[in-house]
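Each chain gets a letter, A, B and so on, in the order its sequence line appears, and its residues count up from 1. Everything quoted here is computed from the prediction, not taken from an experiment.
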2 protein chains.
Amino acid sequence: MNAIYFVAAGSLLGLIFALCMFLRVKKQPEGTAEMIKISTAVRKGANAYLKRQYTGVALFFGVVFCILIIMAFTGYLSFFTPFAFLTGGFFSGLSGFIGMHTATMANNRTAEGASKSLNKGLRVAFSAGSVMGFTVVGLGLLDLSIWYLILNAVFHNLPASEKIAEITSNMLTFGMGASSMALFARVGGGIFTKAADVGADLVGKIEAGIPEDDARNPAVIADNVGDNVGDVAGMGADLYESYVGSIVSTAALAVAAGYGISGVSVPMLLAAIGVVASIIGTFFVKTKEGASQKNLLRALRTGTYISAGIIVVASYFVIKILLPDHMGLYVAILSGLIAGVLIGAITEYFTSDSYKPTKKLADSSETGPATVIISGLSLGMLSTVVPVVIVGISVLVSYYATGGVNDFNIGLYGIGLSAVGMLSTLGITLATDAYGPIADNAGGIAEMTHMDASVRERTDALDALGNTTAATGKGFAIGSAALTALALIASYIDKIHQISPELKLDLTITNPKVLVGLFIGGMLPFLFAALTMSAVGKAAQSIVLEVRRQFKTIIGIMEGKAEPDYASCVDMCTKSAQKLMIAPALIAVIIPIVVGFIMGPEGVAGLLAGNTVTGFVLAVMMANSGGAWDNAKKFIEQGAHNGKGSDQHKAAVVGDTVGDPFKDTSGPSINILIKLTSMVSIVFASLIVASYLL
Amino acid sequence: MNAIYFVAAGSLLGLIFALCMFLRVKKQPEGTAEMIKISTAVRKGANAYLKRQYTGVALFFGVVFCILIIMAFTGYLSFFTPFAFLTGGFFSGLSGFIGMHTATMANNRTAEGASKSLNKGLRVAFSAGSVMGFTVVGLGLLDLSIWYLILNAVFHNLPASEKIAEITSNMLTFGMGASSMALFARVGGGIFTKAADVGADLVGKIEAGIPEDDARNPAVIADNVGDNVGDVAGMGADLYESYVGSIVSTAALAVAAGYGISGVSVPMLLAAIGVVASIIGTFFVKTKEGASQKNLLRALRTGTYISAGIIVVASYFVIKILLPDHMGLYVAILSGLIAGVLIGAITEYFTSDSYKPTKKLADSSETGPATVIISGLSLGMLSTVVPVVIVGISVLVSYYATGGVNDFNIGLYGIGLSAVGMLSTLGITLATDAYGPIADNAGGIAEMTHMDASVRERTDALDALGNTTAATGKGFAIGSAALTALALIASYIDKIHQISPELKLDLTITNPKVLVGLFIGGMLPFLFAALTMSAVGKAAQSIVLEVRRQFKTIIGIMEGKAEPDYASCVDMCTKSAQKLMIAPALIAVIIPIVVGFIMGPEGVAGLLAGNTVTGFVLAVMMANSGGAWDNAKKFIEQGAHNGKGSDQHKAAVVGDTVGDPFKDTSGPSINILIKLTSMVSIVFASLIVASYLL
């Protein structure tokens, strides 16, 4: 019981720290009137988008809430689940809103800071990123603590072991709210951001020949809004889901493993300590003027590594005190932590132009766009090997070190702990991720307001670094999603056993239901990617037409005498994103239920496994192909292969354009898909079992 | 025992029919001296390629043979396996050689025939395709009969039930020879054909602006050679493997299911009847002059459907006579047969320009190459949904109709039979597939020798049809590979039980070894695709440089006064293909063994399942994206979207170039990957079990 107070304390600490960072960002100078004007336009656009998104999401939540209430009345669900579904969605949405609001407030302040010094710019952007990081962590833990305390009070009459089983089993279903919100944030945001980006590039850069981030491009504000709704709010919701999901599933697995309250306390304490460790880490993120990109990167890395180091030490004592006879659990935590770092590093290797793969990709621009595409796809496919091996080793190590040979459930608890270990330093990891789009926006503002060359140099340095942290952040998001999904699958099967202990499931891979489930699950990420990619295509198409229309009808726009109608582009992106995200969202929710009704829990288990495996591989591939194309283009823009405007550059732009929906829409959306399908399966488990037993 | 005589008779019948067709093709007029010259150059190039390939393959076979002999001496393998490995490889290679020799002999004769009438052209091309189809079927059954008779003689002292178990268990390992040969044929041929094609296009069409198949292009002969080594020999080896693999694995599953000799006879009889049915079908392939493309397609389809109809009737009696109490097996056979037809139809829907998907893909050329790529990828991804559902339904139907609920092994036998059912009409199906590249070559010869416009029209009609049959053929090859792979996985697990009956495998998907195996298996097709795609890129690069060199150094080449050095391009493609196919080949062979040593049979089972699932989905996607890009380009060339030479056409050419390695190298190679990994696992099973029990 003490652990939950630590969690509550960690939650408050995280939120207070986020507030301090917010106030610190807010009091920074805002720059010139022009900068304020652009920043305000971006913020307004982002708010308009969020408002509309939340309206649509509210409808979805309303419908699902009614279904869950009916299930609760008919005895298929606890009465807490429908309400926890709402709070999960609410807190996830709230953290997205706060993070995005801060980010849009910080972009001009970062540009202004960069006009003073590089360190100043870095500090502002990173502080704003920290608001996002610590809000996600703080609100996630707040949601957990509130429900834990409520459930603890409700079940206070039960004996301790039954009570903790009730609490964790109930809390397990709570992730669905966060998952659903994450889906809309990631998919909707992803469609918005890339429709704006692709649309702006296709007409502005390619047809009209004006530079990126040029104020004459009517889609430029939408493009900047997109960075915030996609990369900030979407990423935050994604990791909020992984964070909460890994903790509740590991807690449930602790009970199945027979570790009771001590086992449940471990993931919670780890999360609480992670908040403190992350806060300490943030103080080490600073740099000197004239720092190279390597030094800047080192500054961010130092903070992350120090936080991880604190976890390494602290988690040893957590296990030593709570479960001293099971030090293998410590190995499981470490394996997750190390896997997270390694996946980030390998992602950087494949997507940064400092290394061979992206340089060779840039070389392929010599023979035109087709070879750029072929090379980029094969780079992304090749880059899946090491992450798969890392996750594989992490799973095996955490299972066997924990004692999975003797008890299957103990091993699964170990896998859950490795996911928690990976995510324990989320506060600072997410701060580093969210830093990227903020720096990117700051660079855009510097470009649009024609700031001094030296300022541009600094914002460019910050922005380039942001690309790297964004890529490693994506690797981390995918890796943690895979481990979380595995923990959720284990919890799902455990849940089925709880619901119907006499039901003997045949989960062998030669059971045709499992096999067909695997096939359908393996196909789902492809279907999901197809739908999200074609959504970007459709939405971008409408932006292309709108930008062309404005260039034609608004006289003086190209001479900078008349102002383009930015708002209409933002509005079109918003509408398209809202409309086009419905189909993929419904698929993620409905298919596991339909498969469950047709093929029972065995088919669902196969589906979840196939979905996680293929989803992981496809998501890594798409993220890394996209990242490498982006950086290969930037590499050429810096002068390689005849530089900007050359045929090679044009070929690289084709790659980058293809990569946009890869890395920022479809790839990251798959993270949500693999977790949401598990969550939906868990919530609807009783119904599926009931229909199966009929 | 009677069944094997039917098989032997079927084999001889198939071979005699192939010989008749061969002689019929041979006696057709060869056309002008110029046509003969080109055809001879193509045949020489193809023979040179095959000679070199077989030399390299001989080395591989020598090494593996030695390993297998050592395993036999140390008791891990029967002494028959190493020799059967050689005969499997030999017969597969032989059928590739015969098919290709006929194809290269038929191209000028087809062109000449088309100069007389459309029907004449169709008959020549289809007859030549039939040689391939019936050689594959005939030699496959010959290999089976010979070994069956040998094993039957060797084990004649055993009681009937033990004897049949020994025979089938031994024959199961025989597929590895055919699999290995198929790998080299598909991967090597795939690299060759696309390196030549991409290389020829990049310099000839795009840089020098000369039309496709222009005799001035030094890579034009290599391009035509490639069609033969990749699409004829490669496709033949692929389906030879599926054909033999599905029969031997189903025979082994029959014993496990307790059906004994009757159960073993069913797949064998089906195959034998299939030969007769296919021969009858070929007589219905004819058309009238002035037939539309639809009529031509109907001519080919009529033949296939009549053959399938015969199987529908005959297989009913086969089951009725051999296993009258198990009529569910008949349903299993039908489900496979129907699945094959449906997968072909859905492939046609997604890749033919008569339907919406490819038309919409052509529309996307309006906004440039990037949107062509995005749309094509998402089309391919979307196209995986229906095939997955079809295979899923076929698996469930054949399992449950057969009686899988009562006995697991009986259900697996049903799945095996559905694969055999799908492949039973292979003779005519493969004839239809092999027809495609022959017609394509004929079109090339007509272009190069500047034949009359009316002849070109006819060869174009034949060629366009060839594209459709090639696409449906690919769908069929992938679908049958998936079902065969599933039968092989079941046989693998059965094999493990045979080797060590006391070994209790935990094949549940939550076993971390199975899970990690799934991850590694799911990643393998991506790795394989990455390697084969970058191999094409590298090989094409060398052709680009060579063609550029010839354009520069051979004076008068562009005016048609000097002849380019065709042989050097053929030679370079050959060398590159041989070198670059080594890495993917080794991966397919070594990874299942390594995983076996590290994670035991459970890890291997996971790997095979993951590999089959992801491989199937990825192969379908790559084949269909590639097919659709190709046809979208052709659609534009016929005048849509401003036609040839427009920006839209250029954008579509980028898609087509990306699609080349997709549909002709990586996609089809994955078929082999999923079967070969299973075969390797089966052959090395004893060793893996021994190391596991240590």
Problem set entry | Phe408(A) versus Asn511(B), closest heavy-atom pair with distance | CE1-N, 4.5 Å

Exercise. Which region of Val658(A), side chain (C-beta onward) or backbone (N, CA, C, O), has a non-hydrogen atom less than 4.5 Å from a non-hydrogen atom of chain B, or is it both or neither?
Worked result: both

Problem set entry | Region of Ala605(A) that comes under 4.5 Å of a non-hydrogen atom in chain B | both

Exercise. Less than 4.5 Å apart, any side-chain heavy atom of Leu618(B) and any of Met381(A)?
Worked result: yes

For this session: For the residue pair Val536(B) and Ile374(A), establish whether any side-chain heavy-atom pair is separated by less than 4.5 Å.
Result: no

For this session: Tell me, for Ser375(B) versus chain A, whether the close heavy atoms (under 4.5 Å) come from the side chain, the backbone, both or neither.
Result: neither

Seminar exercise, completed: When Val617(B), Thr384(B), Leu382(B) are each screened for side-chain contact (heavy atoms from CB on, under 4.5 Å) with Leu527(A), the one that passes is Leu382(B)

For this session: Could you check whether the rings of Phe519(B) and Phe616(A) sit parallel, tilted or perpendicular, using 30° and 60° as the cut-offs?
Result: perpendicular

Exercise. Is it the backbone or the side chain of Met621(A) that comes under 4.5 Å from a heavy atom of chain B, or both, or neither?
Worked result: side chain

Seminar exercise, completed: Heaviest contributor of heavy-atom pairs below 4.5 Å to chain A, chosen from Leu412(B), Leu518(B), Val395(B), is Leu518(B)

Problem set entry | Under 4.5 Å from a heavy atom of chain B, the part of Phe662(A) involved | side chain

For this session: Count the heavy-atom pairs under 4.5 Å between each of Ala529(B), Pro525(B), Ala370(B) and chain A, then report the option with the highest count.
Result: Ala370(B)

Exercise. Side chain, backbone, both or neither: which part of Pro369(A) has an atom under 4.5 Å from a heavy atom of chain B?
Worked result: both

Problem set entry | Heavy-atom proximity to chain A below 4.5 Å, by part of Val516(B) | side chain

Problem set entry | Part of Ile493(A) within contact of chain B (heavy atom distance under 4.5 Å) | side chain

Exercise. Which answer fits Thr612(B), side chain, backbone, both or neither, if we ask what part of it has an atom under 4.5 Å from a heavy atom of chain A?
Worked result: both

Exercise. Chain A: which of Ala530(B), Ser666(B), Ser364(B), Ala540(B) shares the most heavy-atom pairs with it under 4.5 Å?
Worked result: Ala530(B)

For this session: Determine, stepwise, if the pair Met523(A) / Val620(B) fulfils side chain to side chain contact (heavy atoms under 4.5 Å, CB included).
Result: CA-CA 11 Å; Met523(A) 165 273 281; Val620(B) 170; over 6 Å; no

Exercise. Under a 4.5 Å heavy-atom cut-off, does chain B meet the side chain of Tyr399(A), its backbone, both or neither?
Worked result: side chain

Problem set entry | Met533(A) side, atom CE; Leu379(B) side, atom CG - distance, nearest 0.5 Å | 10.0 Å

Problem set entry | Part of Leu505(A) within contact of chain B (heavy atom distance under 4.5 Å) | neither

